[in-house]
Amino acid sequence: MERTTIRVYNTMTRQKEEFVPRNDNRVGIYVCGVTPYSHTHLGHARPNVIWDVIKKFLRSQGYETFHVQNFTDVDDKIIARANEEGIPALELSRRFIQEYLDSMDALGVERADLYPKVSEHISDIIAMVEQLIANGHAYEVDGNVFFSVSSFPEYGKLSNQKRDELLEGTRFEVDPSKRDAADFALWKKAKPGEPAWDSPWGPGRPGWHIECSAMSHKYLGCEFDFHGGGSDLVFPHHENEIAQSEAATGETSARYWVHNGMLNLQDTKMSKSLGNFVTVQDLTKRYPKELIRFYLLSTHYRSELEYYEGKLDEMARGWNRLNEAVVNLQSLIGAPSVTCEVSAEDEKVLGRINEIEESIVEALADDFNTAQAIGHLFDLTREINSYSSGSEKISRPVLERAMTVFQEYGINVLGIVREREVQGESLVEPLLDLILEVRQELRMKKEFSLADKLRDRLGELGIVVEDTPHGARWKLEGVNRDAHI
RNA sequence: GGCGGCAUAGCCAAGUGGUAAGGCAGAGCUCUGCAAAAGCUCCAUUCCCCAGUUCGAAUCUGGGUGCCGCCUCCA
């Protein structure tokens, strides 16, 4: 198939670059996951939803994707928290990993192909540390192993830091056993009461950073296409990862470094350590997943995004129009008054729909500009609403073309439009159709007070009845309406 | 102290050299038995401030001001 040229902003070069996959068709993606010691919050949802869209867009462009996302399930905070609760560290992390996966499922995020865990890759990590020692990039001191920053001249190339300026103004105490203050731990000697694994340097556990180098290398190879994560990971995490990976293998690691902006609550970054977060579980109980995605994707992924109570309710008004347009389209496609003929006027509308679709693809291909793509979806909404409320004959091929675009981008790629609710074996749908049919007969007989009573009483039950030129239709009221009553 | 980013209408927000997308809110109108939905029209001579480059700048350069992130665990 013909592909649109995709341009990606690369943190490494600080500019947009044309995306050229390493292998012809298969795109390797590594996105930093979480340290599962606490609840999954909206800030975690952002990169997940963004990468969900990127993957789906790449696939709609004919690529295959292979997506790896790690869990750093061996970590100081996990150990500390598990000790507080008096349970094993891995049990605590297992609980939060499950919450994380459940949360992402609830947001309609497609799962990664692989979720490697540190605890299951100790031997891979040890092997890489040994490799680094053998290459002269790391050294052992009393059971600890450190990466020697001075052995890697390119250190700082991602975050644009200069080695000699790194420690100025720093707020932590430097471990005196390190040769250089900027050196960082690859392997930490076990302290009493901590989970530990045997290694050539004695019992201990991996430092933060090395797991991503080891696991990305194992599953994606030395060089792969995308490496993603929050902008707060640029330094030191990704900087150190690059140093480890490239020093160990002698090859470049990721081709494109993609970082998303932070999600703020009251002008401050939402984070577990600050305690200012909104959990995904809470939010998905209160709002439809498509609305949450609409909110997350309404701003470009590299910008900061503000959250506050009530924001989603504000966004729901515009979001609703998108959904209404689709519901309207679907009912019109099945309406008997619609023709299969395509007039010259219809051809023009078809032409405009094609233009809008191209604009959507261009927007997504331009550094995954979902905000712009959503704008074009609103253009399509106006186009098709205007068309279907016109007095001329309505053509089914036009409706179907518009529906295809909504389906592909609104539903499949962006996931911001609700899919038509299948009522299944519910009695609700035929029952309501019957009521509306009777009401229509009353209206024909100009028994308006009875017809209005039906509408009012249904309204009290949360069922909104609307009369349109193509017959009456009903829907459930409010943002939280369920698929089934 | 170092590094990076951002500043566009009442609010949200796209736009990185060619004369300000889109959404919400607001005003008017059309359609409708009524209601709802929808549509149409209007709503930034202007993009934080100052200087410069250019035929042309929201977009590039320099200098301010303000805010945010990272340098400590972080998506």
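Every chain is numbered from 1, with letters handed out A, B, ... down the list of sequences.
Taking atom CD of residue A/Glu314 and atom P of nucleotide B/G22, one finds them 21 Å apart after rounding to whole Å. Distance CG (A/Asp232) to P (B/G69): 11 Å, rounded to an integer number of Å. Per the geometry, NZ belonging to A/Lys157 stands 20 Å off C1' belonging to B/C70, to the nearest Å. When rounded to the nearest whole Å, the span between CG of A/Leu322 and C1' of B/G23 equals 10 Å. Put simply, NZ on A/Lys453 is 21 Å from P on B/A35, counting in whole angstrom units. Note: CZ (A/Phe184) to P (B/C71) measures 15 Å, nearest angstrom. Residue A/Arg317 contributes atom CZ, which lies 19 Å from atom P of B/G10 at whole-angstrom precision. Per the geometry, CG belonging to A/Asp313 stands 15 Å off P belonging to B/C24, to the nearest Å.
Using a 4.0 Å heavy-atom criterion, one finds that A/Asn260 contacts the bases of the nucleic acid, with or without backbone contacts as well. Across all strands shown, A/Gly33 has heavy atoms under 4.0 Å from sugar-phosphate atoms exclusively, and none from any base. Using a 4.0 Å heavy-atom criterion, one finds that A/Thr35 contacts the sugar-phosphate atoms exclusively. Using a 4.0 Å heavy-atom cutoff across all strands shown, A/Met270 reaches at least one base atom of the nucleic acid. Using a 4.0 Å heavy-atom distance criterion, A/His259 is classed as making no nucleic acid contact. Backbone-only engagement by A/Val34 is indicated by non-hydrogen atom pairs under 4.0 Å involving sugar-phosphate atoms exclusively. Among the heavy atoms of the strands lying under 4.0 Å from A/Lys77 is at least one base atom, whether or not backbone atoms are also near.
In this structure, the side chain of A/Arg46 engages the main chain of A/Gly261 through a donor-acceptor pair within 3.5 Å. At least one donor-acceptor pair under 3.5 Å links the side chain of A/Glu99 to the backbone N or O of A/Thr40. Looking only at distances, a side-chain donor or acceptor of A/Glu239 sits under 3.5 Å from a matching main-chain atom of A/Ser159. Of the possible polar contacts, none joining the A/Asp183 side chain to the A/Lys178 backbone as a donor-acceptor pair under 3.5 Å is found. When atom types are taken as modelled, the side chain of A/His44 and the backbone of A/His41 share a donor-acceptor pair closer than 3.5 angstrom.
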Across nucleotides 36-42 of chain B, 5' to 3', mark each nucleotide with B, S or - according to how protein heavy atoms within less than 4.0 Å reach it. BSSSS--
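Comparing B/G33, B/U16, B/C73 by their nearest atom to the side chain of A/Arg439 picks out B/G33. Taking the side chain of A/Leu263 as heavy atoms from C-beta on, and the options B/C71, B/A75, B/G22, the nearest nucleotide is B/A75. With B/A14, B/G69, B/G22 as the choices, the nucleotide that has an atom nearest any side-chain atom of A/His300 turns out to be B/A14.
Taking A/Asp232 as the reference, A/Lys269 meet the side-chain hydrogen bond (donor to acceptor under 3.5 Å, both in side chains) condition, with sequence neighbours excluded. Take A/Lys56 and apply the side-chain hydrogen bond (donor to acceptor under 3.5 Å, both in side chains) test, not counting sequence neighbours, and it matches A/Asp52. The salt bridge (charged side-chain N to carboxylate O under 4.0 Å, His left out) search around A/Lys348 returns A/Glu345, not counting sequence neighbours. Under the salt bridge (charged side-chain N to carboxylate O under 4.0 Å, His left out) criterion, A/Asp346 pairs with no residue, sequence neighbours left out. Considering only residues two or more places apart in sequence or on other chains, A/Tyr37 meets the ring-ring contact (aromatic ring centres under 6.0 Å, His included) condition with none of them. In this view, A/Asn276 satisfies the side-chain hydrogen bond (donor to acceptor under 3.5 Å, both in side chains) rule with no residue, not counting sequence neighbours. For A/His209, the side-chain hydrogen bond (donor to acceptor under 3.5 Å, both in side chains) partners are A/His237, A/Asn240, not counting sequence neighbours. The salt bridge (charged side-chain N to carboxylate O under 4.0 Å, His left out) check on A/Arg95 picks up A/Glu85, with sequence neighbours excluded.
In this structure the side chain of A/Val398 reaches within 4.5 angstrom of the side chain of A/Ile384, judged on heavy atoms.
One finds no side-chain N or O of A/Lys311 lying less than 4.0 angstrom from the OP1 or OP2 phosphate oxygen of B/C24. Close to B/A14, at under 4.0 Å from its OP1 or OP2, lies a side-chain N or O of A/Ser303.
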Please tabulate, one pair per line, each protein N/O and nucleotide N/O from nucleotides 5-8 of chain B that are separated by under 3.5 Å, including the distance.
none

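Residues from residues 365-376 of chain A placing a heavy atom under 4.0 Å of any atom in RNA chain B, listed by number, are A/Asn369, A/Ala371, A/Gln372, A/Gly375. Contact check of residues 40-56 of chain A against RNA chain B (heavy atom, cut-off under 4.0 Å) returns A/His41, A/Gly43, A/His44, A/Pro47.
Relative orientation of the A/His39 and A/Phe277 rings is tilted, given thresholds of 30° and 60° on the angle between their planes. A perpendicular orientation is assigned to the rings of A/Trp51 and A/Phe226, their planes being inclined by more than 60° (bins at 30° and 60°).
Taking a centre distance below 5.5 Å and an interplanar angle below 30 degrees as the stacking criterion, A/Phe448 stacks against the six-membered base ring of B/G33.
When the P atom is compared between B/G1 and B/C11, the two are found 32 Å apart, to the nearest whole Å. The gap from the P atom of B/C48 to that of B/U16 amounts to 15 Å, rounded to the nearest Å. Annotation: B/G4 and B/G62 have their P atoms spaced 12 Å apart (nearest Å). Rounded to the nearest Å, the gap between the C1' atom of B/G5 and that of B/G10 is 26 Å. The same atom, C1', is picked in B/A9 and in B/G26; the two are 12 Å apart, to the nearest Å. Nucleotides B/C31 and B/U41 place their C1' atoms 15 Å apart, quoted to the nearest Å.
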